[in-house]
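Have a look at the structure below, then the notes.
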Amino acid sequence: MEWWVSMPKIELHAHLNGSIRDSTLLELARVLGEKGAIVFSDVEHVIMKNDRSLGEVFKLFDLIHILTTDHKTVTRITKEVVEDFASENVVYLELRTTPKKNDSIGMSKQSYMEAVIEGLRAVTAVDIDFIPHKINTQDSLNSIAMNDACDGTRRKKTYVRLLLSIDRRETTEAAIETVKLALEMRGLGVVGIDLSGNPDVGEWNTFLPALKFAQEQGLYITLHCGEVPNRQEVQPMLDFLPQRIGHAIFFEEEERRQLKTSKIPVEICLTSNIKTESISSIDIHHFVDLYNAKHPLVLCTDDAGVFSTSLSNEYKLASTAFGLGKREMFELARNGIEFIFAGDDVKQYLVGAFDSAAKKLN
Ligand code: 6MZ
């Protein structure tokens with residue numbers, strides 16, 4: 001496992017509230033239990049349950065949101081989630097979360113996101129770079145050179161960028177509000193929009209106006225696409241030409257052909273797909289077909305907390321299940337640089353970070 005942890009990695013599909021440590025969820029549940037807001041023994045086994053259907057996963061999210069939705073807790077979980085990814089050498093993290101509004105505690109979508117940003121600022125274990133700024137290429141190369149020269153004495157650095165999620169339960173107006181917020185928060189590391197939530201709920205046309213607006217304004221877009229069979233949706237989603245899609249499981253032959261022609265990168269979440277039984281067995285996972293076709297792919301965790309996984313574990317799993325060696329897995333991770341929603345300066349830094357790791361790991 002150690003090798004998979006020390007390999008630099010890029011995480012592009014991680015939901016904040018799905019990535020919380022079990023220990024934190026249990027602690028939050030205990031506190032709410034003591035206040036009489038919930039019955040701790042009722043929720044304990046729900047949190048600790050291992051395998052869940054996709055439907056059960058969304059029920060769990062409703063519970064998690066009860067436990068986490070106050071500003072202080074949002075800040076805490078953000079800090080912990082980022083530290084956990086950084087501790088396994090994730091050098092670039094795109095974290096996505098659904099901005100939430102809760103009048104009873106004075107929370108607006110904006111104040112929710114401010115609490116997230118507060119969490120990024122609170123990270124102490126590593127240097128977090130989340131504010132986009134123009135650094136020239138020479139600076140970037142110098143910074144890698146310094147990293148190498150100091151060899152371990154310099155603090156580790158992780159880039160973080162944020163995606164705002166539109167939940168499929170939301171109305172068109174609510175979705176547009178999220179896009180407007182993303183535009184306002186561009187200077188604070190928000191780079192794009194994600195469409196997620198229970199795939200059995202809502203319709204593509206409800207979100208299309210908000211997504212079009214986001215696209216026109218130059219925000220990057222990633223869509224959960226084909227997580228359940230839905231013939232009305234996959235085609236229009238591909239026609240929309242998002243910068244990336246997540247999952248891409250239930251595709252008809254023609255849709256898979258269109259995907260391959262379009263070269264839209266796919267965020268692959270192996271453990272999530274297996275645990276929710278969207279895919280019955282790993283050896284029939286579409287990773288193999290797409291990988292063999294040299295389609296752009298990136299391995300991701302989806303919900304590291306909910307599915308008890310980590311990005312290192314996803315790489316190890318793919319290596320074992322598909323018979324790929326460390327060199328191929330390293331290349332796969334490195335190829336992710338091309339699909340990140342960040343500028344050339346960040347890409348340049350990451351190329352340097354992978355080059356320098358390659359020297360040490362080989
Ligand atoms: C679709 C998912 C998901 O946004 O509250 N989410 N949406 N498919 C999945 N596959 C398992 N996993 C998570 O994080 C939790 C939210 O992310 C979305 C759901 O909308 C969930 O409520 P945030 O931080």
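Ligands are counted one by one from 1 in listed order, and the atoms in each one are counted from 1 as well.
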Please report which non-hydrogen protein atom sits nearest to [atom], along with the residue it belongs to and the distance in Å to one decimal place.
atom                    : value
atom 12 (N) of ligand 1 : D303 OD2, 2.8 Å
atom 10 (N) of ligand 1 : E227 OE2, 2.7 Å
atom 24 (O) of ligand 1 : T97 OG1, 2.7 Å
atom 22 (O) of ligand 1 : H65 CE1, 3.2 Å

- Query: Which atoms from ligand 1 have a heavy atom of L16 less than 4.0 Å away?
  - Reply: 24 (O)
- Can you sort out which atoms of ligand 1 are near D167, meaning under 4.0 Å from one of its heavy atoms? 20 (O)
Do the charged groups of [X] and [Y] touch, with an N to O distance under 4.0 Å?
X    : Y    : result
R76  : E27  : yes
K156 : D127 : no
D70  : K72  : no

- Query: Can you find a non-hydrogen atom of K100 under 4.0 Å from ligand 1?
  - Reply: yes
- Task: Check if T276 has a non-hydrogen atom at a distance under 4.0 Å from any atom of ligand 1.
- Result: no
- Within the 4.0 Å heavy-atom cut-off, what R168 brings close to ligand 1 is neither
- Task: Would you mind telling me if ligand 1 is within reach of the side chain of T98, the backbone, both or neither, using heavy atoms under 4.0 Å?
- Result: both
Considering both backbone and side-chain atoms of [X], is one of its nitrogen or oxygen atoms within less than 3.5 Å of a nitrogen or oxygen in ligand 1?
X    : answer
G197 : yes
D302 : yes
R169 : no
H15  : yes
N17  : yes

- What class does the angle between the rings of Y159 and Y349 fall in, given that below 30° is parallel, 30 to 60° is tilted and above 60° is perpendicular? perpendicular
- Step-by-step salt bridge (charged side-chain N to carboxylate O under 4.0 Å, His left out) determination, D345 to K347: CA-CA 5 Å; D345 53 337; K347 288 183 180 172; over 6 Å; no
- Any pair counted as salt bridge (charged side-chain N to carboxylate O under 4.0 Å, His left out), so long as it reaches residues 37-51, sequence neighbours left out: K49-E56
- Closest non-hydrogen atoms of P8 and F330, given as atom of the first, atom of the second and distance, are CD-CE1, 3.8 Å
- Would you say the ring centroid of H13 lies under 6.0 angstrom from that of H224? yes
- Query: Do the ring centers of Y291 and F322 come within less than 6.0 Å of each other?
  - Reply: no
- Partners of W4 by ring pair (Phe, Tyr, Trp, His ring centres under 6.0 Å), sequence neighbours excluded? none
